[in-house]
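Heads up: the structure comes next, in structure tokens.
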Amino acid sequence: MATLVNDSILKNDAAGPVPVSGGLGTDSYYNHSFFQKIAANVAKDMIDEAISKKLDVKSLLSSSKTIRLADLGCAVGPNTFDAMQNIIDLIKLKCQTHLPTSPMPEFQVFFNDQPANDFNTLFKSIPPKREYFAAGVPGSFYERLFPDSSLHVVYSSYALHWLSKVPEGLEDKNSPAWNKGRIHHASAAEEVRRAYAVQWANDLSNFLNARAREIVPGGIIVIVTHSIPDGMEYSELANGMMYNCMASILLDIAKRGLISEEQVDAFNLPTYAAPPGEFVSVVENNEYFNIVTMGESNPSPWLTDDVHVDMNEFVNHIRAAMEGMFNKHFAREIVNEMFERLEVKLSEISVEMESAYKDKIQAFYVLQRNDSG
């Protein structure tokens, strides 16, 4: 076992999010994403109702015979396919009800994620019998992706909590936001949390500005994302506890000389769960969209006194979604040890973890493009 820091263990800084684990193997995101699906389905009925009430298919089809949808942050499937088909079914039902004598429109679905996303797996697993034309669109959804007024419905589930980059100041020893010994703002100084909040607000503003150009007036954006009640400390939530455990494990590895504390200090996860008040503020300042409906929920209502979290499966889900970011900064053997020890550590605090799955830590928003701009 090494006793000195190995410089080869340090890799490029994780400046922004890295795509989920690709492929169809046992460790892939494709096979470890049903927690996300269950969470998103909690808000399904309320989202469906909002789309059914507010999406004016007669108006939309007056200028186009094709309805275009986009899933921004689609990953590798399979959840994206179910979400897109559900929205198409809703639109078809509206067409049958309000335009019974008109031909059914055609549908086109754009699947978007970062260029390094495993689009090969996505399209290998796409339903062979589908009711839409499909296309992949690589690129950051914080920038323009589509032509002006080309989209009718945009969907994004468990993607907008990822920041475009690590907030400013977290890795600067001279900054009040220096996040020494931590990998997230959970349990950190207020200056650190504020840096995350500022970066998230800037990113969401860029997201909305880009979509304002791309979505037709009357078009809809559906967002399902991590959240936190206004005024609650993130360290009180299960994910906050988990991030603190990750940092503790990495610091322990540093004490053994396999990495340095400076390497841990230089690693920060670019993820932020915004409270509803912050989300509403950004939308209102943007002025291009109206909030049709919004709500908060518990993403894990299935947890009861008799049903508990399988920590092995939980860590597998986390690893499938986040391993790439750790691999970008630390050597694989360090990442492997971190996740192996994380399962043990979380199992030791499983009672606290489960009690931290509180109500109102998932939010959903349905926005409608107004006629301004």
Side-chain angles (χ1 to χ4, degrees), residues 37 40-74 77-113 122-123 125-137 141 145-159 207-208 210-224 283 288-295 364-373:
K37 179 178 181 178
N41 282 342
V42 170
K44 179 179 178 298
D45 290 345
M46 290 173 280
I47 292 171
D48 288 358
E49 181 180 3
I51 294 175
S52 297
K53 286 183 177 180
K54 290 295 183 176
L55 194 66
D56 186 347
V57 293
K58 187 175 182 179
S59 174
L60 296 182
L61 291 173
S62 65
S63 58
S64 175
K65 300 306 177 186
T66 301
I67 298 292
R68 296 181 179 87
L69 304 84
D71 184 351
L72 306 187
C74 65
N79 297 344
T80 182
F81 307 133
D82 294 336
M84 293 299 94
Q85 187 59 53
N86 177 64
I87 294 174
I88 288 173
D89 290 341
L90 285 173
I91 296 174
K92 288 175 61 180
L93 182 60
K94 285 209 70 172
C95 289
Q96 292 167 354
T97 303
H98 298 282
L99 301 168
T101 61
S102 299
M104 189 64 64
E106 293 185 309
F107 294 92
Q108 184 172 22
V109 175
F110 298 100
F111 296 97
N112 156 260
D113 214 300
L122 177 77
F123 286 107
S125 55
I126 195 170
K129 295 182 179 180
R130 55 188 181 275
E131 301 177 280
Y132 53 86
F133 298 97
V137 180
F141 50 55
L145 293 167
F146 305 96
D148 286 350
S149 301
S150 58
L151 298 177
H152 302 95
V153 178
V154 167
Y155 177 86
S156 184
S157 179
Y158 278 82
F207 176 91
L208 294 176
R211 303 297 84 75
R213 293 283 301 273
E214 298 165 353
I215 297 176
V216 300
I220 293 286
I221 300 180
V222 177
I223 296 169
V224 182
V283 175
Y288 291 115
F289 293 92
N290 301 318
I291 299 176
V292 171
T293 189
M294 58 180 284
F364 68 89
Y365 306 92
V366 179
L367 313 181
Q368 188 162 37
R369 178 69 166 90
N370 57 39
D371 294 327
S372 67

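Atom set for the values below is all heavy atoms of this structure, side chains included, hydrogens, waters and symmetry mates excluded.
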With distance as the sole test, does [X] use its side chain to make a donor-acceptor pair with the main-chain N or O of [Y] at under 3.5 Å?
X	Y	value
Asp56	Lys58	yes
Thr293	Val366	no
His152	Gly219	no
Glu214	Leu151	no
Glu131	Phe107	no
Lys94	Leu55	yes

Determine the sole option in Asn112, Leu145, Ile215 for which the side chain to side chain contact (heavy atoms under 4.5 Å, CB included) test with Val154 is passed.
->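 Result: among Asn112, Leu145, Ile215, Ile215 is the only option passing the side chain to side chain contact (heavy atoms under 4.5 Å, CB included) with Val154.
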Please walk me through it: do Arg211 and Ile221 pass side chain to side chain contact (heavy atoms under 4.5 Å, CB included)?
-> CA-CA 9 Å; Arg211 303 297 84 75; Ile221 300 180; 3.9 Å; yes
Just verifying a value: how many Å separate [X] [atom1] and [Y] [atom2], rounded to the nearest 0.5 Å?
X	Y	atom1	atom2	value
Ile67	Lys92	CD1	NZ	13.0 Å
Arg369	Arg213	CZ	CZ	10.0 Å
Met84	Asn79	CE	CG	11.0 Å
Asp89	Asp48	CG	CG	9.5 Å
Lys65	Ser102	NZ	OG	7.0 Å

Start with the C-alpha distance between Leu61 and Cys95, add both sets of side-chain angles, then the distance that settles side chain to side chain contact (heavy atoms under 4.5 Å, CB included), and finish with yes or no.
-> CA-CA 10 Å; Leu61 291 173; Cys95 289; 4.0 Å; yes
Mind listing the closest non-hydrogen atom pair of Ala134 and Phe123 along with its distance?
->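 For Ala134 versus Phe123, the nearest heavy atoms are CB-CE2, 4.2 Å.
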Determine, step by step, whether Leu208 and Tyr288 satisfy the side chain to side chain contact (heavy atoms under 4.5 Å, CB included) criterion, reporting the C-alpha distance in whole Å, the side-chain angles of both residues, the deciding distance to 0.1 Å, and the verdict.
-> CA-CA 8 Å; Leu208 294 176; Tyr288 291 115; over 6 Å; no
Would the Phe81 and Tyr132 ring centres measure less than 6.0 Å apart?
->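 For Phe81 and Tyr132, the ring centres are not under 6.0 Å apart.
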From CA spacing to verdict: side chain to side chain contact (heavy atoms under 4.5 Å, CB included), Thr80, Tyr155 = CA-CA 9 Å; Thr80 182; Tyr155 177 86; over 6 Å; no
